[in-house]
Amino acid sequence: MKIHTRCELALPAWLERYLADWQEPLESAEQRMRLAIALSAENVRQQTGGPFGAIVVDENGGGLMGAGVNLVTSSELSMAHAEMVAVSMAQSATGNWNLGANSPAQLVTSCEPCAMCFGAVPWSGVNSVVWGARKEDAEAAGFDEGDKPPAWAETLEKRGIGTRSDVLREEAAAVLAQYAHGNGHIYHPGNS
């Protein structure tokens, strides 16, 4: 039996150029969210994946630690959500699975984490999570966000992980709606 022994994620070629041209500082949650939303929209425009973007930043200085976009359709990997990609890229760049080991790290995502991404947050070492669109915005576009505990944000808070919702929600939700109205591929097992 032959099995695959390697799985590799690579960001789309446009992303590095896009980040090099990004001029806005990443000091506030709103500035950080603008970048996450811009990445989600550009990912759709470039046709390299779904309408989700995420970044990991040093909470204190706003330095970019990692960036990600949804690569599910382009990589054929169900775990290649923007948050998982951004966290993985930050961990690879820092050489540490614990992103908050040296300085507080923040995950900023254009949409509320789905069940999988929520589950990964505590193990990533981030100290806070900020999101734009809500689960209901993603589901209105046709995505299946999975089941999370009813008070999921509070469970993160109890672990010492700060949360902030609805940052530029309308702008983030608009990307999801545009993707759905543009007949973007809505991927989940019931909708192959």
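Positions are given from 1, in the same order as the sequence printed here. Quick caveat: nothing in here was measured; it's all calculated off a predicted structure.
A perpendicular orientation is assigned to the rings of F143 and F52, their planes being inclined by more than 60° (bins at 30° and 60°).
Using a 4.0 Å cut-off between charged nitrogen and carboxylate oxygen, R17 and E42 do not count as a salt-bridge pair. The pair E30-R32 does not meet the salt-bridge criterion, since no charged nitrogen lies less than 4.0 angstrom from a carboxylate oxygen.
Remark: M89 CE to M84 CE distance equals 12.5 Å, nearest 0.5 Å. Atoms CD and CE, on E83 and M116 in that order, are 8.0 Å from each other to the nearest 0.5 Å. Interatomic distance, I37 CD1 to R169 CZ, rounded to the nearest 0.5 Å: 12.0 Å. Taking CG of L99 as the reference point, atom OG of S124 lies at 5.5 Å (rounded to 0.5 Å). Rounded to the nearest 0.5 angstrom, F118 CZ and K135 NZ are separated by 11.0 Å. Between the CG atom of L39 and the CD atom of Q46 there is a distance of 11.5 Å, given to the nearest 0.5 Å.
The neighbour count for N98 CG, taken as heavy atoms of other residues, nucleotides or ligands under 6.0 Å away, is above 12. Within 6.0 Å of CD on E16 lie no more than 12 heavy atoms contributed by other residues, nucleotides or ligands. A 6.0 Å sphere centred on CG of N60 holds more than 12 heavy atoms belonging to other residues, nucleotides or ligands. Within 6.0 Å of the CD atom in Q47, the count of heavy atoms belonging to other residues, nucleotides or ligands does not exceed 12.
Of the residues listed (S40, S110, P12), the one engaging V69 in a side-chain contact (heavy atoms from CB on, under 4.5 Å) is P12, and it is the only one.
Under the 3.5 Å distance criterion, the side-chain polar atoms of E157 are matched with a main-chain donor or acceptor of T163. Side-chain atoms of S92 do not come within 3.5 Å of backbone N or O of S88 as any donor-acceptor pair. Side-chain N or O atoms of S28 include one that pairs as donor or acceptor with a backbone N or O of Q31 at under 3.5 Å.
For T109 against M33, the heavy-atom pair with the smallest separation is O-CE, 3.4 Å. Between A54 and L107, the closest heavy-atom pair is CB-CD1, 4.3 Å.
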Exercise. For S103 and E59, what are the C-alpha separation, side-chain angles and deciding distance, and is it a side chain to side chain donor-acceptor pair (under 3.5 Å)?
Worked result: CA-CA 7 Å; S103 182; E59 264 190 284; over 6 Å; no
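For the pair R159 and W152, the cation-pi criterion (under 6.0 Å, within 45° of the ring axis) is not fulfilled.
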